[in-house]
Protein chains: 2
Amino acid sequence: MVLAESAASARPTGDEPRSRILMAAGKEFAERGFEAATVREICLAAGVNVAAVNYYFGDKQRLYIESVKHAHQARVRQVPLPEWPQGTAPARKLHDYVATMLERMLGLGQSPWQMRLMMREVLQPTAACRELAQDYMRPQFAVLVGILGELSAGRLSEAELRRVAISVIGQCFFYRAAGGVVGMLVPSEEIEVLHTPQELADHVTRYALAALGAAPPLGTATPAHARPRVKR
Amino acid sequence: MVLAESAASARPTGDEPRSRILMAAGKEFAERGFEAATVREICLAAGVNVAAVNYYFGDKQRLYIESVKHAHQARVRQVPLPEWPQGTAPARKLHDYVATMLERMLGLGQSPWQMRLMMREVLQPTAACRELAQDYMRPQFAVLVGILGELSAGRLSEAELRRVAISVIGQCFFYRAAGGVVGMLVPSEEIEVLHTPQELADHVTRYALAALGAAPPLGTATPAHARPRVKR
DNA sequence: AATCGCTTCAAACAGACGTTTGCCACGATT
DNA sequence: AATCGTGGCAAACGTCTGTTTGAAGCGATT
């Protein structure tokens, strides 16, 4: 009946049962959803006994909540927002912000199962999501609203800024969430070449800048050096 | 072993077992997901025997696929795209398109459980989704690309048009999919007043028009009569 | 009246699920 | 050396799952 995180009972490395279960559970929950994921599969993948889940987390539900929080924190730490020196152009900040968001979601390197898990949560919020929104998403959202405020130079109200921010996030979100369907709507060769995190970040940023009047409209011939594309 | 849709064996009204099962299944699958929804609950809600599902649909999987298709068709029929007389301004068409899409997703009147079901499918496509994308989504997507093509007057390539189209759809999608989280990020009084299908349609349309240079940038003072807001 | 096909039903089926149990191994403490 | 608590394990528990079964009900046809 010893619940997790009890005492300072030596928890040095990262490959102990508890961590291994969290990792395996995150992947399983992300792939199959809460109900379809089975404790047996998770424990098999983690290389522990079936009883370990109940031993370390109490029950499946609490394992799930811990997995969601663990996954989000891990992903944010993997792909953090850059720190901008004072005076950085807001257009640059916006591009960085969007690129970071897309990088987190679409992820180079390892497939970001963490984000698939988050998608499920966002789609159908549980207690885990409410906690996450308050602690982590809200401040990140405020950063974006701040950048957009700089860009609009006071011409937009806070409410309007929030709407634009949601538009920006919505696009990033969509590429991740509905990637499968997008792949059915556009030619596959276009996907490979245009639907990379970098290309999409350029597009979303440009789209927002143009809408705010901070860049010429799409389709206007602009020399490459004037584009808001910033090397990272 | 008689499978559904056999002969012309009198299927007049809409409250027969098959239809009742489809309806109840749609709601259950939308609310709980495929795995968590149980055949017993569905049959209880539909007022039929447990064996009816296997009698009419073979198994749970095929019931699910039929439910998804049924739900999508029903929702599209409930909220159809308007027919535009030749010469309709493309800005007007865009607004109508976005408004229709949002209306379908956010839905006035009854809560659109159909759309929650679609969201699940889009997030994790199954055979049902592939079929749906080919038959129904692709032509609708083409309509939007066409409208954007008119608006950009040939200044954008097909690939760029598709990206803009995805941006437009992505925003609509996000309001639906992540509505719960959005509610945690913006004040609730703002939600009620600004996050209605009409207001959002205005915003998304305006955002797109501004980005394409077909309307002044956001934040520019424009007299109300010049706004692309069209009464419906 | 008897027969047929279609529909409905209660009951049972085998399997998978989350969870619990009791026992063993082992390092630290007494 | 004996004791203790922790961590891990195989096996079992009861429940719930999707699905099947065989028998009835019932209107139309023969």
Side-chain angles (χ1 to χ4, degrees), chain A residues 1-29 31-68 126-128, chain B residues 1-29 31-68 126-128:
Chain A
M1 263 299 182
V2 174
L3 287 187
E5 302 289 5
S6 55
S9 55
R11 191 149 287 156
T13 83
D15 61 341
E16 303 140 24
R18 202 189 130 92
S19 296
R20 292 210 311 274
I21 294 175
L22 268 182
M23 182 85 105
K27 290 182 186 173
E28 275 292 311
F29 285 137
E31 218 63 39
R32 303 169 120 72
F34 177 76
E35 313 275 348
T38 75
V39 174
R40 279 178 171 82
E41 286 275 354
I42 291 171
C43 291
L44 184 71
V48 301
N49 187 269
V50 229
V53 159
N54 299 74
Y55 179 75
Y56 284 104
F57 298 94
D59 58 12
K60 187 186 180 184
Q61 178 78 33
R62 263 169 296 186
L63 168 61
Y64 176 75
I65 294 180
E66 288 300 314
S67 297
V68 172
T126 71
Chain B
M1 267 293 183
V2 174
L3 288 187
E5 302 289 7
S6 55
S9 56
R11 191 150 288 157
T13 83
D15 61 341
E16 304 138 25
R18 203 188 130 91
S19 296
R20 291 211 310 274
I21 295 174
L22 268 181
M23 183 85 105
K27 290 182 185 172
E28 276 291 311
F29 285 136
E31 218 64 37
R32 302 169 120 73
F34 175 77
E35 313 275 349
T38 75
V39 174
R40 279 177 171 81
E41 286 274 354
I42 291 170
C43 291
L44 184 70
V48 300
N49 187 270
V50 229
V53 159
N54 300 74
Y55 180 75
Y56 283 103
F57 298 94
D59 57 12
K60 188 188 179 184
Q61 178 79 34
R62 265 171 295 188
L63 168 61
Y64 176 74
I65 294 179
E66 289 300 313
S67 297
V68 172
T126 71

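Everything quoted here is computed from the prediction, not taken from an experiment.
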In whole angstrom, give the distance that lies between atom [atom1] of [X] and atom [atom2] of [N].
X	N	atom1	atom2	answer
B:Phe57	C:dT7	CZ	C1'	14 Å
A:Leu44	D:dA10	CG	P	11 Å
A:Arg20	D:dG8	CZ	C1'	11 Å
B:Arg62	D:dG18	CZ	P	15 Å
B:Ile42	D:dT19	CD1	P	11 Å
A:Arg18	D:dT6	CZ	P	16 Å

Please tabulate, one pair per line, all N/O donor-acceptor pairs under 3.5 Å involving side-chain atoms of residues 36-53 of chain B, not counting sequence neighbours.
| residue | atom | partner | partner atom | Å |
| --- | --- | --- | --- | --- |
| B:Thr38 | OG1 | B:Glu41 | N | 3.1 |
| B:Asn49 | OD1 | B:Ala51 | N | 2.9 |

Between the CZ atom in B:Phe57 and the CG atom in B:Leu22, the distance rounded to the nearest 0.5 Å is 4.0 Å
Between the OG atom in B:Ser67 and the CD atom in B:Glu28, the distance rounded to the nearest 0.5 Å is 10.5 Å
Are OP1 or OP2 of D:dT19 and a side-chain N or O of B:Tyr55 less than 4.0 angstrom apart?
no
I'd like a table of atom pairs between the protein and nucleotides 17-20 of chain C - only N or O on both sides, under 3.5 Å - with the distance next to each one.
| residue | atom | partner | partner atom | Å |
| --- | --- | --- | --- | --- |
| C:dG18 | OP1 | A:Ala37 | O | 3.3 |
| C:dG18 | OP1 | A:Val39 | N | 3.3 |
| C:dG18 | OP1 | A:Lys60 | NZ | 2.8 |
| C:dG18 | OP2 | A:Val39 | N | 3.0 |
| C:dG18 | N7 | A:Arg40 | NH1 | 2.7 |
| C:dG18 | O6 | A:Arg40 | NH2 | 2.9 |
| C:dT19 | OP2 | A:Lys60 | N | 3.1 |

Residues at least two apart in sequence or cross-chain that pass side-chain contact (heavy atoms from CB on, under 4.5 Å) with B:Glu31, listed by chain then number, are B:Arg116
Taking the six-membered ring for Trp, are B:Phe29 and B:Tyr64 parallel (under 30°), tilted (30 to 60°) or perpendicular (over 60°)? perpendicular
task = Report yes or no: does B:Asp59 contribute a side-chain atom to a donor-acceptor pair with the main-chain N or O of B:Arg62 at less than 3.5 Å?
result =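 Pair found, side chain donor or acceptor close to backbone of B:Arg62.
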